[in-house]
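Notes follow the structure.
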Number of protein chains: 2
Amino acid sequence: MKREEAKTTTRASATLWDRTRQLASQEILETALRLFTEQGYDETTIAQIAREAGVSQRTLFRYFGSKEDLLGGDQDRFGRVLAGAISEQPAETGVWDALHAGIAAVLSLHDNSEQALQRFRLLHNTASLRAGWLEKRLRLQEELLPLVEARMDAAAGAADARARAVIATAFACLDAASMTWVANDGQSNIMDLYDECLAAVRG
Amino acid sequence: MKREEAKTTTRASATLWDRTRQLASQEILETALRLFTEQGYDETTIAQIAREAGVSQRTLFRYFGSKEDLLGGDQDRFGRVLAGAISEQPAETGVWDALHAGIAAVLSLHDNSEQALQRFRLLHNTASLRAGWLEKRLRLQEELLPLVEARMDAAAGAADARARAVIATAFACLDAASMTWVANDGQSNIMDLYDECLAAVRG
DNA sequence: CGACCTCTGGCAGTCGCTGCCAGGTTGGCG
DNA sequence: CGCCAACCTGGCAGCGACTGCCAGAGGTCG
C-alpha cells in the first residue's frame, strides 16, 4: 500500500522485488499443484511443497495464506468477474438471464485448459477442500445479494431470503453441472448442463 | 458390535458402562455448548472444554471425533430422518412434495427449543463451522440422490445432474429460510419461509 | 475371587498456522 | 560510492486440533 502510489500500473513490474516475487509465487504454485495431483491433497504436507519449491514454510505462508489458497486462490477473481458480468447486464434483464450471463463469463475464463479439469477433480474428491471452497462461495453469494435483489420484484416481505434462494439455486445447478462434467472427463459442455439442471429445477 | 447381541434394546442400559458413557457425553456436550455461546467457537479450545467437563482431551476426542462434531453431531440423525420421511411418501408424490415432507419432518425434531436458535446462530456466524457443516450436508445430498432420482421422470440424459440440482435447490431454500429465521430471532416460521423461497425460485 | 474386557488419562508426535527476530538484498539518497 | 531505510527471507518457538501408543484404573462375569 506504499509503493503503489508510484507508477506500478505497468505490468512490467519495474522493481526487482516484484519480479522475484512473481517468480517465487509461480514456482510454489506449480510445485503444489503437481504434488497434489500426484499424491493427493491431504497426503501432501506444506513442508514438502516448501522443500521442493525451494522456499521456507514461512515464506510459503506469506505468499499463500493457507493450504487451501494454493488451489482456491483464484476464487476471488472469479467472484469479481461474476459480479462484473451481472452488473453489466441491462437493467431490464431478468434475474436468471443475468445469472446465466455471469456464469458464462466465469466459465469462459478457463474452460479449454486441461488444468481446470484437474483442479475440479481434486476439489470434488477431497472433502477438506470442498469444505473451504463452499465456505468461500457462501461469502461470494452474500456479496452478490444486492446485485440480484435489485433485479427481483420486491413483492413479498422476505426479499432477502428470496434473493438468497435464487443465488444459491444458481450455484447449486452450477455444482451439479460441473460435477457431471468432471464425471464425464470434460466431454460435455458445462453451460448446457447448467441450463438442463436449471430447467429441471424450475420445471 | 459385541455387546449389542445381548438385550441392550432396552433404553435403561443395563451395564454401568453405558450409563457413565452417556453421562460423560452429556456433560461434555453441555459444557461445550455453554462455552461456545459464551465466548465463541474459535475462541474456545478443546483443552478448556475438557478441563471444565472434567475429562481428558483424549477422552473428549473418543466421544466426539472432532471439535465440529460437538455441534454438528446430530446431523447424521437429521439425515436419517430426512431420508426416512422421503421414502415413506407414496410413490405418486412428486419430488418437491416429498422433499417438503422430509424437511418438515426434520424441522419438527427441534423447532420449539431455544437451543436450536443458539446452534443456528453459532453456525451462521462462524466461518470454520459453516465449512464443515456444508461439507457434511453435501455428503447427505449424495445419499439422497437415489431417493430423489426415483421420483423424477428419467427423460433427458443427465438424470444424475438434474436430481442433484433439485436436492441442492431444496437445501438452498432451506438455508435461505433458516438464515432469515435466525435474523428474525426465530419469530417467523421456517417452513413458510422455505415455501416462499421455493416459490421465488420456481416462479 | 480372579481372569477378562473396557474405558481412561497422559505422553509424544504430526500438521497447519502465526509471531517474533535476526539476518541478507535492494532501492533511493546525498 | 556509501549509507540508511525499506523490504524480504528463513528459522525458531509456540499454539491448537488431532492421533497412536501404552500403562493403569475400573467394571463384568464365570
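So you know, we letter chains A, B, ... as the sequences are listed, proteins then strands, and number each from 1. Atoms considered below: every heavy atom in the structure, side chains included; atoms not considered: hydrogens, waters and symmetry mates.
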Separation of A:Leu129 atom CG from C:dG16 atom C1', in whole Å? 14 Å
Would you kindly give the CG-to-C1' distance between A:Asp42 and C:dG16, to the nearest whole Å? 12 Å
Can you find a donor-acceptor pair, distance only, under 3.5 Å between A:Arg58 side chain and C:dG19 base? yes
Output yes when a side-chain donor or acceptor of B:Arg151 lies under 3.5 Å from a complementary backbone atom of B:Thr93, and no otherwise. yes
Per atom distances to the A:Thr45 side chain, the nearest of D:dA17, C:dG16, C:dG9 is C:dG16
Starting at atom CG of A:Leu60, determine the distance to atom P of D:dG10, rounded to an integer number of angstrom. 10 Å
Between the side chain of B:Arg164 and the main-chain N/O of B:Glu142, is any donor-acceptor distance below 3.5 Å? no
Does A:Lys136 reach the side chain of A:Asp69, with side-chain heavy atoms less than 4.5 Å apart? yes
Between D:dG16 atom P and A:Lys67 atom NZ, what is the distance in whole Å? 21 Å
Candidates C:dC7, C:dC20, C:dG16 - which lies nearest the side chain of A:Arg62: C:dC20
Counting any heavy atom closer than 4.0 Å, what does A:Thr44 reach on the DNA or RNA strands: base, sugar-phosphate only, or nothing? sugar-phosphate
Quick check for you: among C:dG9, C:dT18, D:dG10, whose closest atom lies nearest to any side-chain atom of A:Phe61? C:dT18
Given D:dC8, C:dG9, D:dG10, the nucleotide with the shortest approach to the side chain of B:Val55: C:dG9
Tell me the interatomic distance from A:Arg21, atom CZ, to C:dT26, atom C1', rounded to whole angstroms. 14 Å
Look at the side-chain N and O atoms of A:Tyr63 and state whether any lies under 4.0 Å from the OP1 or OP2 oxygen of D:dT9. yes
Determine the contact category for B:Ser66: base if any of its heavy atoms lies under 4.0 Å from a base atom, sugar-phosphate if only primed atoms, P, OP1 or OP2 are that close, otherwise nothing. sugar-phosphate
B:Phe36 six-ring face occupied by B:Lys67 cation (under 6.0 Å, within 45°): no
Provide, to the nearest angstrom, the distance between the CD atom belonging to A:Gln57 and the P atom belonging to D:dA13. 14 Å
To the nearest angstrom, the CZ-P distance between A:Arg51 and D:dT9 comes to 20 Å
Nearest whole angstrom, please: distance from the P of D:dC8 to the CG of A:Asp18. 8 Å
Side-chain (B:Arg130) to main-chain (B:Asn125) donor-acceptor, under 3.5 angstrom: no
